[in-house]
Amino acid sequence: MIDVLSSLLILAGLFFYLAGSIGLLRLPDLYSRLHALTKADNLGLGLLIAGLALQAQDLLIAFKLLLIWLAILAASATNAHLIARQARRLESGS
Amino acid sequence: MNALMLLVFDGLLLLGIVSLAWASLASSDDRNSVILFMAFGLVLAVAWGRLMAADVALAEAAIGAGLSGALLLAAVRKRPAQMAAGRANNSHNPDRTGVNMLLQWSVTLLCAALAGTLAWALLDAFSSTPHETLPQAISANLEASGVSNPVTAVLLNFRAYDTLLELAVLLTAVLGILAMGRATAVYQPAGPIFDGLVRWLVPVLILTAGYLLWVGAHAPGGAFQAGATLAAAGVVLHLAGHPRIGLPAGFALRILMAAGVAVFLAVGLSLLVMGRPFLGYPPAWAGALILIIESAAMLAIAATLVLAFVGAFPRSTATRAASRQVREEEAR
Amino acid sequence: MADVIIWLVAIPLVGAIATLLLPRPATLLVVATGVATSTAAGLLLYSVAIQGALHYEVGGWTAGLGIALRADGLSALLLMMVALVMLAASVYSSAYFKEATQRERFWPLWLLLWTALNALLLSGDLFNLYVTLELLGLSAVALAALGGTHAAVAAALRYLLVGLLGSMMFLAGISLIYAGYGTLDMAQLAQTLAAGPVAWTALALMTAGLLLKTALFPLHFWLPPAHASAPAPVSAVLSALVVKAAFYLVLRLWLDVFADMVTPTAANLLGVLGAGAVLWGSWHALRAERLKLLAAYSTVAQLGYLFLFFPLLQALPPGAARELAAGGLVILALSHGFAKAGLFLAIGVIQQRSGHDNIQQLDGTAQRLPATTFAIALAGVALIGLPPSGAFLGKWQLLAAAVTSGQWLWLLVTAIGSLLAAAYIFRVLGHAFGHRPYPNQPVAVACEEWPALLLGATATLLLGLASAPLWTLLEIGS
Amino acid sequence: MLTAHVMYGLSGCLLVALGLRTTLLHASLLRRVLAINVMGAGVFMMLIAVAYRGLGVPPDPVPHALVLTGIVVAVSATALALALARRLHAEHDNG
């Protein structure tokens, strides 16, 4: 039962990764690409980690996985912000 | 079924690694090349994890991909004026005529021959059963080594002499870098959002470093992974425009740089004076001595890696003017 | 007594840390470190002469599990040469670097280089050798770049990349060895290595990497710019000691560890490359316009002679003739080490005193710097191989071995190389003795002129006239 | 016979050759530094493959320790090379 649930979560996570990657390649401009990448990755990673946490031996490992997700969430949001800000600045500058 | 899936996974992973390496080396733009190289390092870390080398995976992710990547990215970071000037020589146009073509083909052929010979020898080595004498000797002596993680036991006890010289290599590189006296350009102060990240990321990194150092005795981790994580905190601070990067000045900084080699040597020579072999820890103290050496090594590794990234002793007076200059040039 | 082995590595490393932490009394610390290290080297030489080969297991772990350090006659002699050359160059450096900031940067790297040289000559473990090679390479590059000129930094960068490429090939060879034999200890390997794909490929890779580092023709392209643009004391140890460290490893691998696998064809290949180095290097030294470039090309040539011994040693059956040839090789290497270090230090004096090292404008040097000119002449005697220098004995054994084994080609190469060497040395001396009335008084600063003079005298007189004990020492194998 | 350590070992050989080719052919300094690092990664992969004994079986720790040492040495050398290059470029800009 738990195995099925965690497999479903991981598969769903992988789907978001796929969608994000396609978005990165296909979307027209930087902002929409960033949007696709961060949104999909955060959600994809969240689902992936939820799936893995179900497989964890004890609570400590599940907690560590959660911590990883939070750290990446914050880092990718900040990165997206920095990239977008730099892009805006370059546009207004030229 | 399981074996087949593993085979497919291995194949895809290796395909990814080799193509990333190829793409990085063949890319026409230096910056793309560096970014692809960092991706290569990260995927490599996955491969190390796959091959049951968790210690190496941690070090690769932190040092091989992380810090090397930061160093390389800083090297390709150019001011706008340079970017325009550099574009001409940057775009690598292989000359497809005559001698050059011949050279390219002969070198390629030579490298193919090398790959073939290496593969031939390696397959020959793989055809016999793996040598177990050394791994067996290590597990037989693990009890006396003071730690239960065999990799840490090799690094800090059985082959501690290698690690001492390796710390000397790191120190040498940084002394060479400082002697060149060319700091990397200073970064502008972070905006509120980046600053918010830095504010909690740096403490978390310091905490993680401490954890990695402690856990190294019985699980993957240790001074090098911890030192690299600590150095990452310094790099983040530098990127956020903090001029002092949390490093002390003058004499204290020199002590920090020398700490790894100095403590290692002090322990080794004290044991020698007490009538034991150089670095021959008494089994009862081995765990404690290794922890002392690793703590000093972690601090030294972190300090030297940050200094290697900054490229010079941090100075707070000159930085303001320099950062203003960078900002003006970026605005231009 | 075997403890002295670890002290030889520990003392210069302690010195490096001390000079880093206490830059003000650094010169004093370096002299103390130098004297202590040289004493340890002397003690090791004495112990090896009395007790035979020594070994030391670091950490008390048996070789294989841990790392074993070993010293036999060859390594003890080379360690002694390293100690004397480094000591002389240290004294010279204290006068060469005029500014305190220069010295502050120089001393820790200098002692790290000394640590690396000693560690390399003592190591009995392949991977440990890789680490010492990297320590040696990085400290040598950092020192070579200290001049700070565009040429120096560019040459140092090329030197670094070449060195890294060499180390990577060496490391690839080590990986193969570990895959095939499951140990890194050289003494254990010497007993278990068997001819086959693993051993052949590993030997080829490691040798290729080391030849790159020792700058054997045609892989010498990086050496002249790096050695010619470094500060004078650094050039001296790069030419005299650093390239020789890589050569020492080739010697160890080919004559000790992989001895059973070396074929006459492979040894002949090294001989041919050595012959190329002798002719090419000597010719370029003759054509050089700057003294330092002359000395650097002369290093390429002198390393070539050492490789001429490989086909001879391969052809000679074990016995007295082979022992003599091997001894000749070591004496030639030693006397080149002393002579070339002396030559570079003397060139440094000239360069600092007259502001250039242009050979055409050396006239009057003999009047202004008589001791330095004499040092160049002494070093020159050893570089040409005239009696009574150690190089004469070395070349004599080379010729004797060539005659015994009927390999006449090497005889011809040696003759041409020596003639060319005579030509380039006399070209320098001819200009230096050229008369040009100078109003200045002769300059004499003991710290600057004496080290070169003593090194030249060691190469020419000591090694030539008092070489008898060397032969007995060299028979002490591991 | 296509077991994991053979696959990874052979890929390591390929990376060594790939790195060597670029080191010898490419003019750009940065690319040469990257290429030497790729070469190193190839050697490390050979070593880790040699240490591998199968999933769930404790591997030989010695190659792991060697690779850890190698990674630190590689980053030291890379940092020194980049600092020398920075000095060269700075001189270039100033005059």
Original post:
Checking heavy atoms, do the side chain of L15(D), its backbone, both or neither come under 4.5 Å from chain B?
Top reply: side chain

Original post:
Between A17(D) and C111(B), what is the shortest heavy-atom contact and its length?
Top reply: CB-O, 3.3 Å

**OP:** Taking the side chain as every heavy atom from C-beta outward, state whether F158(B) and V62(D) have any atom pair closer than 4.5 Å.
**Re:** no

Original post:
Can you list the steps and then say if S24(B) with L34(D) is a side-chain contact (heavy atoms from CB on, under 4.5 Å)?
Top reply: CA-CA 8 Å; S24(B) 163; L34(D) 287 182; 4.0 Å; yes

**OP:** Just do the side-chain contact (heavy atoms from CB on, under 4.5 Å) check on V75(D) and L71(B) with the steps written out, would you?
**Re:** CA-CA 9 Å; V75(D) 76; L71(B) 282 164; 4.0 Å; yes

**OP:** Measure distances from L30(D) to the heavy atoms of chain B and classify the residue's part below 4.5 Å as side chain, backbone, both or neither.
**Re:** side chain

Original post:
Do you know which of G64(B), G11(B), P130(B), G176(B) has the most heavy-atom pairs under 4.5 Å to chain D?
Top reply: P130(B)

Subject >> From L25(D) atom CG to L103(B) atom CG, the distance as rounded to the nearest 0.5 Å >> reply: 5.5 Å

Original post:
For the atom pair CG (L68(D)) and CZ (R159(B)), what is the distance rounded to the nearest 0.5 Å?
Top reply: 12.5 Å

Subject >> W22(B) CH2: over 12 foreign heavy atoms closer than 6.0 Å >> reply: no

Original post:
Side chains of F37(B) and V38(D): closer than 4.5 Å at any heavy-atom pair?
Top reply: yes

Original post:
Measuring from E60(B):CD to I48(D):CD1, what's the distance to the nearest 0.5 Å?
Top reply: 9.0 Å

**OP:** Would you mind checking which part of A74(D) comes under 4.5 Å of any heavy atom in chain B, side chain (CB onward), backbone (N, CA, C, O), both or neither?
**Re:** neither

Subject >> N37(D) CG to L44(B) CG distance, which is reported to the nearest 0.5 Å >> reply: 11.0 Å

Original post:
Under the side-chain contact (heavy atoms from CB on, under 4.5 Å) criterion, do V57(D) and M52(B) qualify, and how do the steps go?
Top reply: CA-CA 8 Å; V57(D) 185; M52(B) 310 269 306; 6.0 Å; no

Original post:
NE2/H64(D) to CH2/W48(B) distance, rounded to the nearest 0.5 angstrom?
Top reply: 9.5 Å

Subject >> Residues L25(B), R21(D); criterion side-chain contact (heavy atoms from CB on, under 4.5 Å); working and verdict >> reply: CA-CA 10 Å; L25(B) 296 182; R21(D) 180 178 177 277; over 6 Å; no

Original post:
Could you give the distance from CG (L67(B)) to OG1 (T78(D)), rounded to the nearest 0.5 Å?
Top reply: 11.0 Å

